[in-house]
Amino acid sequence: MILFDGVTKLYANQERPALDEVSLEIEKGEFVFLVGPSGSGKSTFLRLVLREERPTKGQVWVAGKELNRLSNWKIPALRRQIGTVFQDFRLLPNKTVAENVAFALEVIGKPASHIRKVVPEVLEVVGLEGKEERRPDELSGGEQQRVAIARAFVNRPILLIADEPTGNLDPGTSVGIMKLLDRINQLGTTVVMSTHDQAIVDQMRRRVIELEGGHVVRDQSRGVYGYAR
Amino acid sequence: MRANFVASEVSSGIRRNLTMTMAVIITVAVSLGLFGASMLVRAQVSTMKDFWYDKVEVSIFLCGKGSDTPSCAGGPVTEAQRDQIKADLESLKPLVDSVYYESQAEAFARFQEQFKNSPIVDNVKPTALPESFRVKLSDPTKYDVVASAFAGRPGIEQVNDQRKILDKFFRLLGGLQLIALLIALSMLVVTVLLIVNTMRVAAFSRRRETSIMRLVGASNFYIQLPFLLEAAVAAGIGAILAVVGLVFVKIIVIDQVLATSFQFTAFVGWDAVLAIAPLMILVGVGLAAIAAFFTLRKYLRV
């Protein structure tokens with residue numbers, strides 16, 4: 001699903017690369033935690049997968065495509081296969097829950113009949129039935145993140161990128177979000193999640209990739225957060 | 001492509017950005033109005049040229065008793081000179097369309113007719129007016145050919161081109177048209193800058209939407225289309241206002257005021273307005289689209 005081959009990313013005006021000769025592979029259907037301190041390269045890793053950045057050196061393969069060779073006009077097609085969830089939810093405040101989810105389909109030109117059918121389905125999957133007409137500011141943080149996950153998942157992506165999705169949530173709410181991401185993973189979507197949340201990583205017991213200073217310092221299946229190494 | 005989705009995005013974009021959109025509409029209307037007006041003046045000049053050049057003549061005045069130019073040193077024009085001039089004029093066909101000889105008696109009659117309400121008539125004797133050839137040219141711009149052939153020749157006092165008088169007037173109109181065109185062009189530049197800025201503000205106020213659109217894989221075209229249409233709609237409204245203004249100028253200023261006050265000349269017809277209006281709309285919408293396109297390439301990249 002994702003293959004990094006000797007990837008180095010050096011941002012302009014910086015001496016130390018954000019990622020330094022990183023090589024790793026993530027298989028289809030995996031659930032992977034990306035851990036490490038701030039500035040360790042987690043965000044750069046995710047931005048490279050989304051082709052928001054290009055590597056300075058090395059190759060990034062996503063869903064069978066080498067992203068350096070992907071022409072600009074094919075980027076939207078790549079991103080339609082990838083769902084994205086962020087710490088700050090990134091919902092549209094003037095749209096209802098259902099409209100926020102529908103927006104993701106409208107802007108890629110899906111027909112209205114399709115949208116009417118799949119939006120209620122995905123809202124049921126994330127447990128928001130009955131709240132379709134609410135606006136984001138009427139929802140709790142956990143509910144807002146469920147809307148964001150519904151929007152990321154509504155197009156049935158093969159890969160879900162979650163950048164600290166529980167970073168703004170309390171522990172109890174985070175557990176619910178993790179259960180939801182786990183369920184999405186069970187439905188066949190590969191999930192890559194960056195996090196600082198030790199309790200969640202320790203509890204889930206999935207593959208853990210730890211970055212530090214742009215290097216992979218640990219890659220462990222069924223791992224723990226591991227600052228207490 | 002979901003047409004109603006795009007339409008609702010465009011209308012909400014315009015509403016959100018109403019003051020800037022109004023500014024775009026007004027500058028587009030004013031600059032295109034000036035542009036159209038200058039085109040109209042140009043059409044007017046060419047209408048008047050067609051009308052007047054058809055009527056202007058080259059006058060070849062022959063020497064009379066009191067003539068004191070060097071070419072008249074030999075006294076009044078002789079019969080032989082007059083016949084030779086007429087024959088030479090005839091030989092210049094087809095440039096010379098027609099030649100009409102006006103005798104002193106005819107010149108006096110015309111003079112009396114033109115100044116019948118003035119006491120000057122009583123002081124002028126028939127012999128004071130020169131006899132002349134009135135020459136109509138098939139191409140009035142080739143006056144020089146006639147002038148160089150006849151000016152200074154014995155028996156000819158003066159060769160006069162009526163077109164020269166008209167040309168002064170046309171140059172004035174042409175100057176006015178150039179000024180209007182320059183103002184219009186600078187206004188169009190202002191319009192483009194304003195559209196660029198409006199697009200920047202619009203892109204900024206919709207950055208949340210566009211960032212989500214990029215993430216979920218909307219195509220560039222889909223992301224930029226609402227902005228392009230917004231600019232095109234604003235410019236289109238401005239262009240329509242400018243065309244309406246032009247039609248009002250034609251109906252009120254030209255047809256009702258100028259044409260009734262100056263009946264001796266011709267004014268531009270509706271065919272000129274019909275030719276200019278699409279050009280105005282094309283220039284307006286085209287400029288807006290180009291300005292928007294380049295702004296969006298800068299501010300809304302994938």
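We name chains A, B, ... by the order of the sequence lines, and we start the count at 1 in each one.
Residues that satisfy the side chain to side chain contact (heavy atoms under 4.5 Å, CB included) test with Arg134(A), not counting sequence neighbours, are Val97(A), Lys131(A), Glu138(A), Leu139(A).
Atom CZ of Phe248(B) has 12 or fewer neighbouring heavy atoms from other residues, nucleotides or ligands inside a 6.0 Å radius. Counting non-hydrogen atoms of neighbouring residues, nucleotides and ligands closer than 6.0 angstrom, the CH2 atom of Trp270(B) exceeds 12 such neighbours. Taking a 6.0 Å sphere around OH of Tyr11(A), one finds it holds more than 12 heavy atoms contributed by other residues, nucleotides or ligands. Crowding of Arg207(A) atom CZ: a count of heavy atoms from other residues, nucleotides or ligands under 6.0 Å exceeding 12. The number of heavy-atom neighbours closer than 6.0 Å to CZ of Arg206(A), taken from other residues, nucleotides and ligands shown, is above 12.
In this structure, OG in Ser219(B) is found 15.0 Å from NZ in Lys74(A), a value given to the nearest 0.5 Å. Summarising the geometry, atom CG belonging to Asn100(A) is positioned 6.5 Å from atom CD1 belonging to Ile212(B); distances are rounded to the nearest 0.5 Å.
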Tell me, with the steps shown, if Arg208(B) and Arg90(A) meet side chain to side chain contact (heavy atoms under 4.5 Å, CB included).
CA-CA 8 Å; Arg208(B) 211 193 279 261; Arg90(A) 301 203 186 168; over 6 Å; no
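In this structure, chain B has no heavy atom under 4.5 Å from any part of Gln81(A).
Annotation: side chain of Val216(B) is not in contact with side chain of Val154(A) (no heavy-atom distance under 4.5 Å). Between Tyr222(B) and Ile108(A) there is no side-chain heavy-atom pair separated by less than 4.5 Å. Looking at heavy atoms from C-beta onward, Glu209(B) lies out of side-chain contact with Val107(A) at the 4.5 angstrom threshold.
The choice from Leu78(A), Thr84(A), Leu50(A) that makes the most heavy-atom pairs within less than 4.5 Å of chain B is Thr84(A). Comparing Pro157(A), Ala152(A), Pro93(A) by how many heavy-atom pairs each has under 4.5 Å with chain B, the most go to Pro93(A).
Here the closest non-hydrogen pair linking Arg79(A) and Arg214(B) is CD-O, 3.2 Å. Of all heavy-atom pairs between Gly217(B) and Pro76(A), the closest is O-CB, 3.3 Å.
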